[in-house]
Amino acid sequence: MTIKETPLKDCYIIEPKVFYDERGYFYEQFNEQVFQAETKLNVKFVQDNVSESKFGVIRGLHYQQGMHSQAKLVTVLEGEVLDVAIDLRKNSPSFGKQFSMILSSENKKQLFVPKGFAHGFSVLSKTARFFYKCDAYYNKESETGIKYNDETLNIDWQLKDGEIIVNDKDKHLPDFKSAIYF
Ligand SMILES: Cc1cn([C@H]2C[C@H](O)[C@@H](COP(=O)(O)OP(=O)(O)O[C@H]3O[C@H](C)C(=O)[C@H](O)[C@H]3O)O2)c(=O)[nH]c1=O
């Protein structure tokens, strides 16, 4: 696998080595030994999540506060999303900065989103199956986020207004300026 830095400190793009043959392809979705050796990150994932969404859905921006903060290794097994990560660590040189990239079953890329980040994605294909590893368990009480259409962040989700589907919970998330930082 190859690791590439992003403009956000500790946030990395990971490209697995894909083996193609006449049957199709194979790649190791995650290998702890290789991951830790190549990223020098000492991350122990404890929970895997899968969500499936239809075109136009935006999930996020979400994060768990404080000690329940989760690092995530996100990837798309079917379809295509625009994945967005925001650095909420007050002392980070990239505090308040955002990074977005296309993750798809075609490019098989993964994004490592460290603790202290808000995370979300928009679905750009008919459906998208989203798979991600977390290094901390789900903790509903600590869940919070930032609303997808926050004016300070002004995220381009690559969707037209009329196409966007957001659930009520996400519609009422705080804005960036009143968010809880790390
Ligand atoms: C996240 C989570 C949710 N749930 C339950 C709670 C709800 O009854 C149901 C749907 O949860 P929610 O609407 O929060 O799912 P998403 O909107 O996909 O949330 C995720 O979306 C963005 C992109 C993220 O990065 C977060 O990991 C996560 O917040 O699953 C669980 O039982 N365990 C979990 O770990």
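In listed order, ligands and their atoms are each counted from 1.
Here the protein heavy atom with the shortest distance to atom 35 (O) of ligand 1 is Gln47 NE2, 2.9 Å. The protein atom (non-hydrogen) at minimum distance from atom 14 (O) of ligand 1 is Lys169 NZ, 3.3 Å. Looking from atom 16 (P) of ligand 1 to the surrounding protein, the closest heavy atom is Arg59 NH1, 3.6 Å. Looking at atom 23 (C) of ligand 1, its nearest protein heavy atom turns out to be His119 ND1, 3.5 Å.
For atom 11 (O) of ligand 1, the nearest protein heavy atom is 4.0 Å or more away. In this structure, atom 8 (O) of ligand 1 is not in close contact with the protein, since no protein heavy atom lies within 4.0 Å of it.
Using a 4.0 Å cut-off to heavy atoms of Lys72, the atoms of ligand 1 that qualify are 24 (C), 25 (O), 26 (C), 27 (O). Ligand 1 places these atoms under 4.0 Å from at least one heavy atom of Tyr132: 20 (C), 26 (C), 27 (O), 28 (C). Taking every non-hydrogen atom of Glu143 and a distance limit under 4.0 Å, the qualifying atoms of ligand 1 come out as 14 (O), 29 (O).
Note on Lys133 versus Asp48: salt bridge recorded, some NZ/NE/NH1/NH2 to OD/OE distance being below 4.0 Å. With respect to the salt-bridge test (charged N to carboxylate O, under 4.0 angstrom), the residues Lys44 and Glu32 qualify. Ion pairing of Arg89 with Asp10 is present here, as a side-chain N (NZ or NE/NH1/NH2) and a carboxylate O approach within less than 4.0 Å. Salt bridge status for Arg23 with Asp21: present, with a side-chain N to carboxylate O gap under 4.0 Å. In summary, Lys115 and Asp135 engage in a salt bridge, as defined by a charged side-chain N under 4.0 Å from a carboxylate O.
If you look at Phe130 next to ligand 1, there are no close heavy atoms at all, none under 4.0 Å. Residue contacts with ligand 1 for Asn49 involve side-chain atoms from C-beta outward but no N, CA, C or O (heavy atoms, distance under 4.0 Å). Counting heavy atoms under 4.0 Å from ligand 1, residue Lys140 does not touch it at all. The part of His62 lying near ligand 1 is the side chain, judged by heavy-atom distances below 4.0 Å.
Ligand 1 is never approached by Gln64 to a heavy-atom distance shorter than 4.0 Å.
The aromatic rings of Tyr27 and Tyr25 sit parallel to each other, their planes meeting at less than 30°, with 60° as the upper class boundary. Relative ring orientation between Phe121 and Phe130 is described as parallel, the plane-to-plane angle staying below 30° on a 0-90° scale split at 30° and 60°.
Between atom 3 (C) of ligand 1 and the options Tyr138, Tyr63, Tyr137, Phe121, the minimum heavy-atom separation is to Tyr138.
Aromatic rings from Phe117 and Phe182 are positioned such that their centres are separated by 6.0 Å or more. Aromatic rings from Tyr20 and Phe26 are positioned such that their centres are separated by 6.0 Å or more.
When all heavy atoms are compared, the tightest approach of Met101 to Leu111 is SD-CD1, 4.0 Å.
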